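Every chain is numbered from 1 and lettered A, B, ... according to where its sequence line falls, protein lines coming before strand lines. Keep in mind that what you see is a predicted model, and the values were worked out from it rather than measured.
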Number of protein chains: 2
Amino acid sequence: MPKRRITQADVAAMAGVSQATVSFVLNDRLPAGVRLSAETRQRVLDAIRITGYSANPVAQRLAGGRNQIIGVFTYEATFPGGGRDFYGPFLVGIEHAAEQLGIDILLFTSARVVEGRRRLTRDGWQRLGIADGCLLLGQHEDRSELQHLLDTNYPFAFIGKRSSEGGRLPYVGADYTGATRRVVERLVALGHRRIGYVGAMGTDQPTTDRWEGYRDALRDAGLGARLVPEEEPDAVVAAVVEQRLTAVVLSPERDAEELHDALARHGLDVPRDVSVLLLGQPHHRLRRPQQWSGFAIPREEMGARALLLLSRLIAADDVPDADLHRLLECTEVEGATVAAPTHHAEPLVP
Amino acid sequence: MPKRRITQADVAAMAGVSQATVSFVLNDRLPAGVRLSAETRQRVLDAIRITGYSANPVAQRLAGGRNQIIGVFTYEATFPGGGRDFYGPFLVGIEHAAEQLGIDILLFTSARVVEGRRRLTRDGWQRLGIADGCLLLGQHEDRSELQHLLDTNYPFAFIGKRSSEGGRLPYVGADYTGATRRVVERLVALGHRRIGYVGAMGTDQPTTDRWEGYRDALRDAGLGARLVPEEEPDAVVAAVVEQRLTAVVLSPERDAEELHDALARHGLDVPRDVSVLLLGQPHHRLRRPQQWSGFAIPREEMGARALLLLSRLIAADDVPDADLHRLLECTEVEGATVAAPTHHAEPLVP
DNA sequence: ACAAGACGATTATGCGCATTATTATCGGTC
DNA sequence: GACCGATAATAATGCGCATAATCGTCTTGT
């Protein structure tokens with residue numbers, strides 16, 4: 001804030017035109033019925049350059065214009081449990097794209113966390129208005145909020161697939177289903193026949209997607225799905241032993257290292273006795289440098305592309321439906337926790 | 001954005017008062033010459049509750065009020081080289097405090113990066129105005145920008161010590177000098193006599209502070225300072241050998257792991273032959289889980305406290321000078337890279 | 001010579017709030 | 001009964017911009 005900010009009125013005075021004219025030139029979009037001569041236009045442009053004018057984003061927004069700010073709302077609290085480890089990469093992608101586009105990022109940290117979740121309260125809705133649009137991320141299922149979002153015509157986009165609300169929610173997600181499928185197919189190709197899915201059977205999109213990929217891959221291979229919902233590592237190990245699993249795919253909320261240790265305590269080596277594949281980056285902090293096999297969610301790219309999508313939605317309201325949704329491929333991670341099943345693990349009499 | 005946002009005018013209508021009255025009640029601060037009866041006040045309060053009114057932050061700001069948004073400006077680009085690893089923790093602290101205070105965070109990612117540094121251009125200054133105040137972080141020495149900041153009376157605070165501009169720059173920093181001093185004293189107590197400082201002799205505050213702590217600790221112990229400015233790990237090792245150093249303190253920009261490997265290649269073990277202490281968290285990503293000895297900068301706390309300081313500056317403009325600056329203690333990290341010097345490393349004839 | 005456009009702008013208004021200046025009413029005083 | 005100080009509020013203004021509504025001045029056709 002310089003001593004006296006330069007306003008459109010200042011520019012107008014210098015160019016010898018009205019404030020409105022300056023606004024027209026700046027937005028490069030003449031309302032119907034308004035015309036400007038090339039010469040006037042140039043005078044205004046010169047004045048802008050000389051004065052070093054730059055728009056006041058607050059006034060812009062109040063007057064119903066755009067201000068090159070996009071909001072980021074995370075449903076889950078960002079910190080407890082090192083949440084930033086998970087959200088961080090998305091943020092990096094968002095910021096990277098924002099930098100390219102000359103956009104500022106507003107983090108809605110003021111929305112109080114209730115029961116571990118941020119909510120879009122009345123206050124929250126009001127605050128969204130500061131930004132031209134908003135990116136939403138995190139698990140969340142409050143129907144009324146989603147509906148409200150759609151009703152208001154406020155530009156927004158989700159990071160992470162959202163198939164509810166009749167597919168009208170714009171998003172950029174990752175193809176968990178396909179990635180899980182490929183990972184399982186790889187196990188099958190290696191000779192694994194008893195492959196477990198370790199994780200809770202939730203109703204959230206990532207979980208159902210992963211399960212779908214797992215189930216379909218096994219079905220296509222003529223094998224059966226085996227859900228291991230147990231929470232406790234030792235219970236998981238018990239299931240592995242009991243069902244004579246030679247490989248498990250692991251939901252990323254589960255602590256792979258704990259499982260690894262539990263397996264070791266029972267004399268099972270990874271990957272010799274059991275292959276372990278991680279379906280996405282682990283949500284907890286890794287304590288050891290081990291390279292887990294599985295796949296990686298392109299979180300940075302998701303963040304960046306979501307911002308790009310949102311920009312389009314803000315700029316034009318006639319974005320084709322097909323462009324509203326985008327699934328990015330996950331990268332397979334070779335890692336060191338997968339191997340062909342050892343012979344003795346194979347039942348001699350299937 | 002609900003269908004029709006509720007404004008102060010709506011509340012006023014319901015309470016049967018004027019819009020101004022609502023504003024007075026909300027801000028809980030009557031301008032000289034204005035009085036409100038307790039009864040009217042209550043009616044307004046009720047109307048606010050019933051309508052669920054919540055202020056429009058944009059209008060608030062345009063009218064010269066506060067809007068509970070604080071900006072964060074980082075001088076260095078946030079990403080290249082995994083910068084977020086360094087800035088991340090500050091951000092976490094800031095966000096944490098922001099959540100407590102009900103404040104939103106605006107990241108000024110729109111400021112273009114020129115020569116690896118973000119700059120506060122005219123455009124940047126203008127954009128700062130969106131927020132009530134701003135936190136600045138990163139190395140930076142542009143005098144004119146600092147002066148401008150002071151001139152405009154815009155509330156701001158630095159994260160990281162800033163002694164320039166006659167001590168008028170508010171900051172929350174870490175006590176590099178004291179931490180370095182204690183680390184060196186610890187080495188001396190262990191019996192080390194030839195302790196090198198590995199790092200560039202820059203003019204930036206962290207560097208000069210660390211050097212000061214190092215130099216003073218050695219001086220007080222009657223020992224001489226030994227700067228090892230070499231960049232190349234092998235060159236550093238050469239200096240270590242040549243000067244028969246038994247310990248080195250390492251500037252965090254240096255890659256400790258590379259140095260470790262270079263030492264190993266020359267047959268020097270850490271910490272048996274050479275103790276290595278890190279003066280702060282390493283700026284690069286660690287590839288091995290080794291626990292480096294040294295000290296840790298309380299980055300999260302710095303972020304949080306800086307936000308608190310900024311809040312005070314925004315709320316009241318009569319903050320005592322003494323409260324404008326704050327140095328936090330660094331935590332000493334025990335680690336596994338320090339040990340007493342082995343006898344054979346000690347010169348028999350000093 | 002005069003209406004009908006085309007041309008090139010300007011004036012006016014409002015966004016939602018903070019704040020300043022102003023007004024209205026009443027009890028008491030000289 | 002005119003005057004004053006309190007009391008309790010309201011009207012008016014402006015922040016800087018986008019945008020709708022309006023207004024001159026030329027040209028051109030007839």
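Among the candidates A:L324, A:D323, A:V319, the single residue satisfying the side-chain contact (heavy atoms from CB on, under 4.5 Å) test with A:D321 is A:L324. The side-chain contact (heavy atoms from CB on, under 4.5 Å) with A:V25 is formed by just one residue from the set A:L36, A:L30, A:V11, A:V17; it is A:L36. Considering B:L135, B:L137, B:L120 in turn, B:L120 is the only one that fulfils the side-chain contact (heavy atoms from CB on, under 4.5 Å) rule with B:F73.
Projected onto DNA chain C by closest heavy-atom contact, B:T7 and A:R41 fall at different nucleotides, the more 5' of which corresponds to A:R41.
Within 4.0 Å of B:L36, counting heavy atoms only, lie sugar-phosphate atoms of the nucleic acid but no base atom. Heavy atoms of B:A9 sit nowhere under 4.0 angstrom from any nucleic acid atom.
Here salt bridge (Lys or Arg N to Asp or Glu O under 4.0 Å) pairs that include residues 18-38 of chain B, with residues two or more places apart or in two chains, are B:D28-B:R41.
Heavy-atom distances under 4.0 Å link DNA chain D to B:G16, B:V17, B:S18, B:A20, B:T21, B:F24, B:G33 of residues 15-33 of chain B, given in residue order.
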All N/O pairs under 3.5 Å across the protein-nucleotides 24-27 of chain D interface:
none

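Along DNA chain C, read 5' to 3', the first and last nucleotides having any atom under 4.0 Å from a heavy atom of chain A are C:dC7 to C:dG16.
At a threshold of 4.0 Å, the pair B:R326-B:E301 does not count as salt-bridged, since none of the basic side-chain nitrogens sits closer than that to a carboxylate oxygen. Salt-bridge annotation for B:R49 and B:D46: present, with a side-chain N of the basic residue lying under 4.0 Å from a carboxylate O of the acidic one. Electrostatic pairing of B:R61 and B:D132 counts as a salt bridge here, judged by a charged N lying under 4.0 Å from a carboxylate O.
The CZ-P distance, from B:R61 to D:dG14, rounds to 21 Å in whole Å. Between the CD atom of A:Q60 and the P atom of D:dT19 there is a distance of 10 Å, rounded to whole Å.
Residues satisfying the salt bridge (charged side-chain N to carboxylate O under 4.0 Å, His left out) test with A:R162, not counting sequence neighbours, are none.
Taken to the nearest 0.5 Å, the OG atom of B:S144 stands 8.0 Å off from the CG atom of B:L146.
Overall bending of the helix from C:dA1-D:dT30 to C:dC30-D:dG1, expressed as the angle between end axes built from five pairs apiece, is 90° (10° steps).
The aromatic ring centroids of B:Y154 and B:F156 lie 6.0 Å or more from each other.
Ring geometry, A:Y87 versus A:F90: the interplanar angle falls from 30° to 60°, so the pair is classed tilted. Ring pair B:F158/B:Y75 is parallel by interplanar angle, where below 30° counts as parallel and above 60° as perpendicular.
Residues B:Q60 and B:N56 bring no donor and acceptor atom of their side chains to less than 3.5 Å of each other.
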